[in-house]
Amino acid sequence: MAALSAVALLAGCGGGDAGTPAWHGGRIFLATGNTTGVYYQLGGGYADLISRHLPGYEARAEPTGASVENITRVAGGDMEIAFSLADTAADAVNGRGAFDKQPQPVRALARVYSNYTHVIVRADGKIRSFADLRGKRISTGSPRSGTDIIAGRLLTAGGINPDRDIRRVNLSLPETVKQMRANALDAMFFSGGLPTPGVKDLLSAAPGAFRLLPLTELIEPLGARYGSVYTTATLPKEVYGTPEPTPTITVANVILVAADMPDQLAYDLTRVLFTWQGELVRVHPEAANFTRSSAALTDPIPLHPGAARFYRDDG
């Protein structure tokens with residue numbers, strides 16, 4: 001009985017307010033992405049920080065199909081925290097795209113690092129430009145993922161119908177890498193932080209067998225349709241040991257929670273993220289690529305009131 005009482009007391013301390021029951025029984029599940037992607041690595045590190053530094057809560061990162069699935073699961077109460085691309089999250093709160101006429105009740109804790117779009121092709125193929133993707137066998141990422149959405153938008157911006165003009169398959173990053181190695185695919189899309197472990201494995205295991213396509217020619221048609229959510233950046237050659245830097249398209253990532261999450265818990269989750277950010281950097285270097293001032297810039301995705309209070313109090 002004494003042990004049970006101690007457990008109950010611990011659970012009652014979640015979120016830092018004594019006597020307040022822990023939300024969702026003190027269990028926090030983080031919706032991440034493919035197991036060889038940055039979301040999964042950072043999600044595991046963040047879950048560890050929450051479990052160690054937020055009394056009454058135990059967190060665990062779960063592999064998923066990424067952005068669209070993550071948002072759906074958080075909005076439905078199946079998970080508590082989600083990583084998502086900002087363009088997909090903007091669609092979710094506005095009821096567009098994959099969430100047509102169904103706005104999702106999610107809010108942001110933070111805008112974090114940016115994802116780089118990787119379009120990788122076989123070096124021995126005849127793909128010299130983006131237009132050469134027409135008719136090719138291409139993986140556009142896991143179904144209902146942010147990568148799949150970006151891939152479709154990029155192909156359309158390049159004058160290629162993603163459903164008619166290519167042989168499109170939707171595969172996870174590990175399966176995509178496997179099929180690229182087996183010569184079963186001509187090209188692949190993936191949106192991820194630097195370095196993305198699965199991409200690094202593919203390129204480093206067979207130097208010169210694959211190459212990255214430059215994409216900056218697509219930013220003008222993308223911007224005309226979707227606004228400033230997409231930006232350009234150069235993928236440094238040192239990241240994957242490529243012969244030269246690769247100009248590409250980037251989009252920010254956000255950490256999302258349900259709109260009905262208690263304010264104090266959202267505050268504490270944001271506090272944990274920044275108080276122990278240095279530990280997260282040791283999990284993956286992309287954790288160094290955001291600050292308190294940049295993290296609060298989540299528009300058009302509303303900040304959760306608890307997170308907004310953190311930035312006001314500690315910004």
Enquirer: Under 3.5 Å, is there a donor-acceptor pair between the side chain of T36 and the main chain of P197?
Expert: no
Enquirer: Give every residue pair that meets the side-chain hydrogen bond (donor to acceptor under 3.5 Å, both in side chains) criterion with at least one member in residues 277-288, sequence neighbours excluded.
Expert: R52-E279, E286-N289
Enquirer: Kindly give the heavy-atom pair with the smallest separation between T270 and Y46, and that separation in Å.
Expert: N-OH, 4.3 Å
Enquirer: So, do Y113 and N115 sit near enough that their side-chain heavy atoms are less than 4.5 Å apart?
Expert: yes
Enquirer: Taking only Lys NZ, Arg NE, NH1 and NH2, and the carboxylate oxygens of Asp or Glu, determine whether R60 and E58 approach each other closer than 4.0 Å.
Expert: no
Enquirer: As a test of understanding, state which of K126, R167, R137 forms a side-chain hydrogen bond (donor to acceptor under 3.5 Å, both in side chains) with D186.
Expert: R137
Enquirer: Treat each ILVMFWY residue as a node, draw an edge where side-chain heavy atoms are under 4.5 Å apart, and state whether L303 and L109 are in one component.
Expert: yes
Enquirer: Which atom names give the shortest non-hydrogen contact between V38 and P195, and what distance separates them?
Expert: CG2-O, 3.6 Å
Enquirer: Identify the two heavy atoms, one from V257 and one from H304, that lie closest to each other, and give their separation to 0.1 Å.
Expert: CG2-CD2, 3.8 Å
Enquirer: Within the distance-only criterion (no hydrogens, no angle test), does the side chain of T88 pair as donor or acceptor with the backbone N or O of S84 below 3.5 angstrom?
Expert: no
Enquirer: Between V68 and Q104, is any pair of side-chain heavy atoms under 4.5 Å apart?
Expert: no
Enquirer: Which other residues belong to the hydrophobic cluster containing F210, where Ile, Leu, Val, Met, Phe, Trp and Tyr are joined when side-chain heavy atoms lie under 4.5 Å apart, directly or via other members?
Expert: Y116, I120, V169, L171, L173, V177, M180, L185, M188, F190, L194, V199, L202, L203, L212, L235, V239, Y240
Enquirer: Please confirm whether the backbone N or O of S172 pairs with a side-chain atom of N34, one donor and one acceptor, at under 3.5 Å?
Expert: no
Enquirer: When you measure from the side chain of T275 to the backbone N and O of R271, does any donor-acceptor pair fall under 3.5 Å?
Expert: yes
Enquirer: What's the verdict on ring pair (Phe, Tyr, Trp, His ring centres under 6.0 Å) for F83 and Y40, showing C-alpha distance, side-chain angles and the deciding distance?
Expert: CA-CA 9 Å; F83 284 79; Y40 188 70; over 10 Å; no
Enquirer: Can any side-chain N or O of T234 pair as donor or acceptor with the backbone N or O of P236 at less than 3.5 Å?
Expert: no
Enquirer: Is R27 close enough and on-axis enough to Y57, meaning under 6.0 Å and within 45°, for cation-pi?
Expert: no
Enquirer: W23 and E80: which non-hydrogen atoms are nearest, and at how many Å?
Expert: CZ3-CG, 3.7 Å
Enquirer: Look up atom OG1 in T64 and atom CZ in R144, then write down how far apart they are to the nearest 0.5 Å.
Expert: 11.0 Å
Enquirer: Nearest 0.5 Å please: distance from the OG1 atom of T232 over to the CD atom of E217.
Expert: 12.5 Å
Enquirer: To check you understand the geometry: which heavy-atom pair defines the closest contact between T250 and T231, and what is its length?
Expert: OG1-OG1, 2.5 Å
Enquirer: Is a donor on one side and an acceptor on the other found under 3.5 Å between the side chain of T156 and the backbone of R153?
Expert: no
Enquirer: Tell me whether T147 contacts the main-chain N or O of S191 through its side chain, where contact means a donor paired with an acceptor under 3.5 Å.
Expert: yes
Enquirer: Donor-acceptor pair, T298 side chain versus I301 backbone, under 3.5 Å?
Expert: yes
Enquirer: Would you name the heavy atoms of I249 and L154 that are closest together and state the gap between them?
Expert: CG1-CD2, 4.1 Å
Enquirer: For the atom pair CD (E175) and OG (S139), what is the distance rounded to the nearest 0.5 Å?
Expert: 9.0 Å
Enquirer: Find out whether I81 and L256 are in side-chain contact, i.e. whether some heavy atom of one side chain is under 4.5 Å from a heavy atom of the other.
Expert: no
Enquirer: Should L269 and F310 be regarded as members of a common hydrophobic cluster, given that ILVMFWY residues are connected when their side-chain heavy atoms come within less than 4.5 Å of each other, either directly or indirectly?
Expert: yes
Enquirer: Counting N and O atoms only, with roles assigned by atom type, does the side chain of D48 sit under 3.5 Å from a partner on the main chain of G45, one being a donor and the other an acceptor?
Expert: no
Enquirer: Side chains of Y39 and N70: is there a donor and an acceptor less than 3.5 Å apart?
Expert: no
Enquirer: Are any non-hydrogen side-chain atoms of V93 and V106 less than 4.5 angstrom apart?
Expert: yes
Enquirer: Does D87 pair with R225 as a salt bridge, N-O distance under 4.0 Å?
Expert: no
Enquirer: Kindly determine whether R122 and N183 satisfy side-chain hydrogen bond (donor to acceptor under 3.5 Å, both in side chains), including the steps that lead there.
Expert: CA-CA 8 Å; R122 304 192 64 80; N183 199 21; 3.0 Å; yes
Enquirer: Can you sort out the partners of P143 under side chain to side chain contact (heavy atoms under 4.5 Å, CB included), two or more places apart, ordered by chain and number?
Expert: N170
Enquirer: So, do L42 and T32 sit near enough that their side-chain heavy atoms are less than 4.5 Å apart?
Expert: no
Enquirer: Treat each ILVMFWY residue as a node, draw an edge where side-chain heavy atoms are under 4.5 Å apart, and state whether L222 and I149 are in one component.
Expert: no
Enquirer: Show your working on salt bridge (charged side-chain N to carboxylate O under 4.0 Å, His left out) between R168 and D148 and close with a plain yes or no.
Expert: CA-CA 10 Å; R168 183 180 191 173; D148 193 37; 2.8 Å; yes
Enquirer: Hey, does the Lys NZ or Arg CZ of R309 hover above the aromatic six-ring of Y267, less than 6.0 Å from the centre and inside 45° of the axis?
Expert: yes
Enquirer: Are T117 and I150 side-chain neighbours, meaning at least one heavy-atom pair lies under 4.5 Å?
Expert: yes
Enquirer: Backbone N or O of G198 within a donor-acceptor pair of the T196 side chain at under 3.5 Å?
Expert: no
